[in-house]
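What follows is a short report on a single structure.
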Amino acid sequence: MNLLEISEKEHVEKVVNKQYELLINDPKTREIFQHLKLEKHLPRIYDFWCFVLQINPEQNQYKGSVFEPHTKLNLKAEHFDIWLGHLAEALEPFQGIKAIEWMEKANQQAILFKYKLGLEPYQMNIKKR
């Protein structure tokens, strides 16, 4: 199987679509994600990740609060772990720096969201030399 480098919005769309398919089909996250109007929600997610990953950021600008909508979803810490697991699975066809960066940024986002939602204390991962 030839693995791709994430380099264009279509790659981001493929990953996000797969991740949300997995989230909607997962019995532990179905209720949280099935109510979303995906035709409206997913384009915002595509733009967010394109902007974060610097894939044509001038064309894919995300505006608004990425955190605020999550305050209404009654999320638990395990939901973020499941979200990360499904992202890792959705990223499997891809390799390279953008795939690694995406997973790192998603991990940082999950840690921050869990902290801001009062689900876990904030932990800094400091590497010792």
Would you say the side chain of [Y] lies within less than 4.5 Å of the side chain of [X], judging by non-hydrogen atoms?
X    : Y    : answer
K9   : N56  : no
L38  : I24  : yes
L84  : M103 : yes
Q109 : W83  : yes
H79  : I32  : yes
L75  : F80  : yes
D26  : R30  : no

Residue pair [X] / [Y]: nearest heavy atoms and the distance that separates them:
X    : Y   : answer
A99  : E5  : N-OE2, 4.5 Å
E101 : V52 : OE2-O, 3.9 Å
A90  : P93 : O-CD, 3.3 Å

In Å, rounded to the nearest 0.5 Å, how long is the span from [atom1] of [X] to [atom2] of [Y]?
X   : Y   : atom1 : atom2 : value
I45 : L36 : CD1   : CG    : 8.5 Å
K14 : Q19 : NZ    : CD    : 15.0 Å
L42 : D47 : CG    : CG    : 11.0 Å
H35 : H41 : NE2   : NE2   : 8.5 Å
L87 : L23 : CG    : CG    : 9.0 Å

Review point. Are L22 and V15 linked, directly or through other ILVMFWY residues, by side chains that come within less than 4.5 angstrom of each other?
Key: no
Check your understanding: Do the ring centers of Y20 and H86 come within less than 6.0 Å of each other?
Key ->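 Not under 6.0 Å, so no.
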Check your understanding: Under 3.5 Å, is there a donor-acceptor pair between the side chain of N17 and the main chain of E13?
Key ->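 A pair under 3.5 Å: yes.
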Review point. Are any side-chain N or O atoms of Q54 and backbone N or O atoms of F51, one a donor and one an acceptor, separated by less than 3.5 Å?
Key: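 A pair under 3.5 Å: yes.
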Point to revise | Sole candidate of W49, W102, F94 that passes ring pair (Phe, Tyr, Trp, His ring centres under 6.0 Å) when paired with H11 | key: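 In the set W49, W102, F94, the residue that makes a ring pair (Phe, Tyr, Trp, His ring centres under 6.0 Å) with H11 is F94.
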Practice item. Inspect the contact between K76 and D81 and indicate whether a charged nitrogen and a carboxylate oxygen are less than 4.0 angstrom apart. Key: no
